[in-house]
Every structure is written in C-alpha cells, then in structure tokens.
Engineer: 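One structure is given below, represented as structure tokens, and several questions about it will come after.
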Amino acid sequence: MANSILIPLSDSISSRAVINFLSNLAVCPEDAEITLLHLFRQPSASEELMGKKFTAEMPSKAKAMLEHAKDLLVESGFNPNRIKISLITDLYATIADGIIDQCSNQDYDLIVIGRKHMSKAEEFVRGDVSVRLIRALKGSAVLVVKAE
C-alpha cells in the first residue's frame with residue numbers, strides 16, 4: 001500500500017527548507033505518492049493594493065515554484081511519476097483552513113510543512129499554522145521542518 005504525503009508549499013524560506021530536507025532524506029518509500037500543494041488565502045488589504053496585474057500573475061508564479069520543487073525532488077532520486085502538483089485557486093480564509101480542507105478531501109498519511117521563526121507576538125497575532133494542523137488533522141502525521 002502506497003503512503004500518501006502532502007507537501008504544502010509557498011515561495012518562502014520555510015518551503016525551501018522542506019524541499020531541502022526531503023532532498024537529503026535518506027529514507028523515503030519508493031511507492032509514496034507525493035502531492036506538492038499550493039493554495040491561496042484571501043488577499044490582505046496590502047496585497048489588494050498591489051493591483052490586479054500582481055494578483056493575476058500569482059497562479060503562474062506558484063505553478064513555476066511547484067514545478068521547480070518537483071524538479072529538485074526528482075534530481076534527488078524521487079520518482080517523477082509519483083509526484084503530483086496541485087494548484088488550488090479557490091481562496092481560503094487562512095492557509096491552515098485550506099490545508100485542512102484538502103486533507104478532508106483525501107486522506108494523507110503525512111503532511112510535511114515548513115515553519116519560519118516567529119516571535120511570540122507574531123505567533124499570537126498571526127497564529128501558527130503548524131500547531132493548528134497538528135491539532136486538527138487526526139489520523140495523519142504532521143512533520144514540521146524549521147527554517148534557519
């Protein structure tokens with residue numbers, strides 16, 4: 001039975017840390033089905049100020065980022081036929097809501113996410129996606145990779 005692994009990514013230091021971690025991982029089941037996921041949250045006021053051209057370019061940039069992540073995993077020995085790219089353009093209130101929704105649509109054995117260093121104040125105001133996922137995703141393991 002193949003394991004299924006969900007890897008939510010963005011164009012961030014913490015997402016690059018996830019791909020670097022997996023690329024250097026000595027043990028990964030060859031039959032694992034990997035889904036590289038990018039989803040969008042509702043834009044903040046500052047992002048809306050960037051204009052329609054900026055927001056219109058976001059899906060193509062996200063797709064390129066996912067393709068690059070797949071290429072890096074394939075270069076590290078992962079089976080390209082077992083890596084799926086999923087770009088969700090529906091808007092979610094938060095990234096955590098989107099990941100939880102995707103996990104409710106398909107069972108994943110493992111979710112691998114990146115986490116950047118946040119101050120206690122940032123964590124209080126913005127919340128911590130990794131903690132929310134650990135609490136919400138029963139029956140799935142959550143691996144948190146800290147970015148330097």
Side-chain angles (χ1 to χ4, degrees), residues 1-23 25 28-29 31-74 78 80-148:
M1 181 173 151
N3 293 321
S4 58
I5 302 171
L6 177 66
I7 307 170
L9 298 173
S10 64
D11 189 18
S12 66
I13 292 170
S14 56
S15 289
R16 286 188 287 279
V18 167
I19 295 301
N20 288 337
F21 174 81
L22 290 172
S23 296
L25 192 62
C28 185
D31 62 343
E33 295 287 340
I34 297 174
T35 301
L36 301 176
L37 169 72
H38 181 81
L39 45 85
F40 296 93
R41 64 172 167 68
Q42 295 172 346
S44 66
S46 62
E47 290 169 332
E48 286 180 349
L49 290 174
M50 298 298 287
K52 291 182 180 181
K53 181 180 177 190
F54 174 79
T55 54
E57 293 173 350
M58 291 175 71
S60 61
K61 288 181 180 181
K63 178 126 172 109
M65 178 268 306
L66 291 172
E67 292 286 350
H68 180 67
K70 179 179 179 178
D71 292 343
L72 290 173
L73 291 176
V74 170
F78 286 79
N81 299 323
R82 298 248 181 219
I83 301 173
K84 181 175 86 172
I85 288 178
S86 180
L87 181 65
I88 308 298
T89 56
D90 296 335
L91 299 178
Y92 289 96
T94 66
I95 295 299
D97 288 338
I99 295 168
I100 292 166
D101 182 54
Q102 294 304 306
C103 289
S104 70
N105 294 335
Q106 180 176 337
D107 289 330
Y108 292 98
D109 300 306
L110 175 65
I111 294 87
V112 183
I113 60 169
R115 183 179 194 278
K116 66 178 183 172
H117 176 74
M118 288 191 292
S119 69
K120 292 290 181 187
E122 284 178 305
E123 194 172 313
F124 178 76
V125 172
R126 296 176 59 200
D128 186 337
V129 173
S130 58
V131 170
R132 185 154 176 229
L133 293 178
I134 290 167
R135 289 181 178 152
L137 298 175
K138 306 293 186 215
S140 295
V142 178
L143 174 63
V144 181
V145 178
K146 284 180 65 175
E148 297 284 329

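Computed over heavy atoms, backbone and side chain alike; hydrogens, waters and symmetry mates excluded. The chain is numbered in sequence order, starting from 1.
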Engineer: Other residues, nucleotides and ligands only: do more than 12 of their heavy atoms fall within 6.0 Å of CG on Asn105?
Structural biologist: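 Correct, the count exceeds 12.
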
Engineer: Rounded to the nearest 0.5 Å, what's the gap from NE2 on His38 to NZ on Lys61? Could you check?
Structural biologist: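 Here the rounded value is 11.5 Å.
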
Engineer: For Ile95, enumerate each residue passing the side chain to side chain contact (heavy atoms under 4.5 Å, CB included) test, keeping only those at least two apart in sequence or located in another chain.
Structural biologist: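 Residues passing side chain to side chain contact (heavy atoms under 4.5 Å, CB included) with Ile95: Leu39, Arg41, Ile99.
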
Engineer: By side chain to side chain contact (heavy atoms under 4.5 Å, CB included), which residues pair with Asn81, not counting sequence neighbours?
Structural biologist: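 Only Asn79 meet the side chain to side chain contact (heavy atoms under 4.5 Å, CB included) criterion with Asn81.
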
Engineer: Just by distance, do the side chain of Ser15 and the backbone of Leu9 share a donor-acceptor pair under 3.5 Å?
Structural biologist: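 No; judged by distance alone, with no hydrogens or angles, the pair does not exist.
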
Engineer: What distance do Ile85 atom CD1 and Met65 atom CE have between them, rounded to the nearest 0.5 Å?
Structural biologist: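 Ile85 atom CD1 to Met65 atom CE measures 9.0 Å (nearest 0.5 Å).
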
Engineer: Using atom types as modelled and distance alone, determine if a side-chain donor or acceptor of Thr35 lies under 3.5 Å from a backbone N or O of Lys84.
Structural biologist: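 No, Thr35 side chain to Lys84 backbone: no donor-acceptor pair under 3.5 Å.
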
Engineer: For Asp71, enumerate each residue passing the salt bridge (charged side-chain N to carboxylate O under 4.0 Å, His left out) test, keeping only those at least two apart in sequence or located in another chain.
Structural biologist: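 Result, salt bridge (charged side-chain N to carboxylate O under 4.0 Å, His left out) vs Asp71: none returned.
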
Engineer: Out of Leu133, Val18, Ile7, which one pairs with Ile113 under the side-chain contact (heavy atoms from CB on, under 4.5 Å) rule?
Structural biologist: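 Result for side-chain contact (heavy atoms from CB on, under 4.5 Å) with Ile113: Leu133.
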
Engineer: Would you check if Pro8 and Ile111 make a side-chain contact, meaning some heavy-atom pair closer than 4.5 Å?
Structural biologist: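 A side-chain contact under 4.5 Å exists here.
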
Engineer: For the OG atom of Ser14 and the CD1 atom of Ile19, what is their distance to the nearest 0.5 Å?
Structural biologist: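 So the OG of Ser14 and the CD1 of Ile19 are separated by 11.0 Å.
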
Engineer: Under the rule for side chain to side chain contact (heavy atoms under 4.5 Å, CB included), what residues qualify as partners of Arg16, not counting sequence neighbours?
Structural biologist: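 Residues passing side chain to side chain contact (heavy atoms under 4.5 Å, CB included) with Arg16: Asp11, Ile13.
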
Engineer: Measuring from atom CD of Glu33 to atom CG of Asp109, what distance do you get when rounded to the nearest 0.5 angstrom?
Structural biologist: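 One finds 11.0 Å between CD of Glu33 and CG of Asp109.
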
Engineer: So do Leu22 and Ile34 actually touch side chain to side chain, heavy atoms under 4.5 Å?
Structural biologist: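 The answer is no, as the side chains (C-beta and beyond) never meet within the 4.5 Å cut-off.
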
Engineer: Partners of Leu110 by side chain to side chain contact (heavy atoms under 4.5 Å, CB included), sequence neighbours excluded?
Structural biologist: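 Partners of Leu110 by the side chain to side chain contact (heavy atoms under 4.5 Å, CB included) criterion, ordered by chain and then number, come out as Ile5, Val112, Ala141, Leu143.
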
Engineer: What are the two closest heavy atoms between Leu72 and Ser23, and how far apart are they?
Structural biologist: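 What the structure gives for the nearest pair is O-OG, 3.9 Å.
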
Engineer: With Asp101, which residues qualify under side-chain hydrogen bond (donor to acceptor under 3.5 Å, both in side chains), at least two apart?
Structural biologist: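 Partners of Asp101 by the side-chain hydrogen bond (donor to acceptor under 3.5 Å, both in side chains) criterion, ordered by chain and then number, come out as Tyr92.
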
Engineer: Does the pair Lys63 and Glu67 meet the rule for a side chain to side chain contact (heavy atoms under 4.5 Å, CB included), with working shown?
Structural biologist: CA-CA 6 Å; Lys63 178 126 172 109; Glu67 292 286 350; 3.6 Å; yes

Engineer: Quick check for you: to the nearest 0.5 Å, what is the distance between Arg132 atom CZ and Arg135 atom CZ?
Structural biologist: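 Here the rounded value is 10.5 Å.
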
Engineer: Does Phe40 reach the side chain of Ile88, with side-chain heavy atoms less than 4.5 Å apart?
Structural biologist: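 In short, these two side chains do not touch, never coming nearer than 4.5 Å.
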
